[in-house]
Amino acid sequence: MAKAADFSVFSVLVTGSNRGIGLGLVKRFLQLPCPPKWIFATTRDMEAEKSKEVKQLACRHPNLVLLQLDVTILESIQAALKEVEKRVGDGGLTLLINNAGRWFFENLENENAKDMQTLYSVNTIGPLQMSQAFLSLLKKAARKSPRQGLSSSKAAIINISSALGSMEVMLIWEKTQIVSYRCSKAALNMLTKCQSLEYSASGILTVAIHPGLVNTRHNPYPEITVEESTRGIVSVLSMLSEEDNGTFKDWLGRRLPW
């Protein structure tokens with residue numbers, strides 16, 4: 001089994017990586033002893049103030065490419081795909097991390113169709129469309145890899161989910177209901193399971209990861225820092241194997257119930 005210290009991937013794309021967990025993951029990959037040849041960070045708005053830090057990082061690191069990407073718009077996904085293809089070539093995309101997400105703090109009484117549609121569009125349909133678009137590059141990476149079995153170093157889709165989407169856990173329900181968010185993440189978990197059944201034959205691992213209740217701009221109930229979460233996630237990624245395909249884990253590698 002691999003260790004975080006020897007973890008290496010040829011290429012990685014992290015959606016929603018101009019801030020928060022996504023930006024934290026980009027930094028972690030840059031800091032690896034053997035960093036990826038290509039790291040693709042994405043932002044919906046290149047000119048926004050919230051994209052300033054990742055733009056500065058891209059200026060300092062030649063292996064970091066910043067792409068404009070809105071996971072709810074197919075044309076935007078296809079444009080990003082072309083940019084990634086230009087750089088990775090026959091090496092393909094080793095790791096797709098579907099991190100982009102949104103949430104609204106509505107309770108069951110006030111939940112509404114508009115907000116639920118918005119969250120499904122970003123949190124569930126976005127990862128579906130990204131995985132479909134980049135599937136050919138993930139397959140290339142799997143074919144190119146000399147590794148046996150399944151692993152994050154060969155080819156993988158990692159869906160950043162949430163324990164709030166677990167029907168058994170129902171994390172912090174007494175503090176916040178956020179029904180549309182919970183439903184969108186439960187649906188993402190099912191998508192993860194479906195992808196794991198379909199894509200494993202092509203050498204692609206699929207796992208859902210709960211990053212913890214992270215101290216980001218919009219979270220009123222933080223339990224851990226971005227640094228703690230992303231350090232844990234990368235450590236978990238380094239140790240994933242065939243037996244983890246189609247599972248739901250947290251940032252410490254603990255198995256979560258659906």
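Numbers for residues simply follow the sequence, beginning at 1.
Between Ile204 and Ala156, the closest heavy-atom pair is CG2-CA, 4.1 Å. The heavy-atom pair separating Ala163 from Leu171 by the smallest distance is CB-CD2, 3.8 Å. The two residues Gln177 and Arg182 come nearest to each other via the heavy atoms O-NE, 2.7 Å.
In this structure, the side chain of Thr42 does not engage the main chain of Gln68 through any donor-acceptor pair within 3.5 Å. The backbone N or O of Lys114 sits less than 3.5 Å from a side-chain atom of Thr118, completing a donor-acceptor pair.
Enclosure of atom NZ in Lys144 is not indicated, since only 12 or fewer non-hydrogen atoms of other residues, nucleotides or ligands lie within 6.0 angstrom. No more than 12 heavy atoms of other residues, nucleotides or ligands sit less than 6.0 Å from atom CD of Glu109. No more than 12 heavy-atom neighbours from other residues, nucleotides or ligands sit within 6.0 angstrom of CD on Glu168. Other residues, nucleotides and ligands contribute at most 12 non-hydrogen atoms within 6.0 Å of the CE atom of Met190. Environment of NZ in Lys139: sparse, with no more than 12 heavy atoms of neighbouring residues, nucleotides or ligands closer than 6.0 Å. Counting non-hydrogen atoms of neighbouring residues, nucleotides and ligands closer than 6.0 angstrom, the CD atom of Glu198 reaches no more than 12 such neighbours. Heavy atoms from other residues, nucleotides or ligands lying under 6.0 Å from CG of Asp90 number 12 at most.
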Worked check of salt bridge (charged side-chain N to carboxylate O under 4.0 Å, His left out) between Glu47 and Lys55: CA-CA 9 Å; Glu47 303 310 315; Lys55 284 171 79 172; 3.7 Å; yes
Working for side-chain hydrogen bond (donor to acceptor under 3.5 Å, both in side chains), residues Asn123 and Ser184: CA-CA 6 Å; Asn123 298 352; Ser184 70; 3.0 Å; yes
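Arg87 and Glu83 are joined by a salt bridge, as a carboxylate oxygen and a charged side-chain nitrogen come within less than 4.0 angstrom of each other.
Ring geometry, Phe29 versus Phe7: the interplanar angle falls from 30° to 60°, so the pair is classed tilted.
Leu150 is not listed as a side-chain neighbour of Ser241, based on a closest heavy-atom distance of 4.5 Å or more. Two residues are said to be in side-chain contact when any heavy atoms from C-beta on lie closer than 4.5 Å; Val234 and Leu25 meet this criterion. With a 4.5 Å cut-off on side-chain heavy atoms, Thr176 and Tyr181 do not count as touching.
Donor-acceptor pairing under 3.5 Å is lacking for the side chains of Asn18 and Glu53.
Note that CD1 of Ile172 and OG of Ser162 are 8.0 Å apart. Values are rounded to the nearest 0.5 Å.
Of the residues listed (Ile178, Asp115, Asn110), the one engaging Phe104 in a side chain to side chain contact (heavy atoms under 4.5 Å, CB included) is Asp115, and it is the only one.
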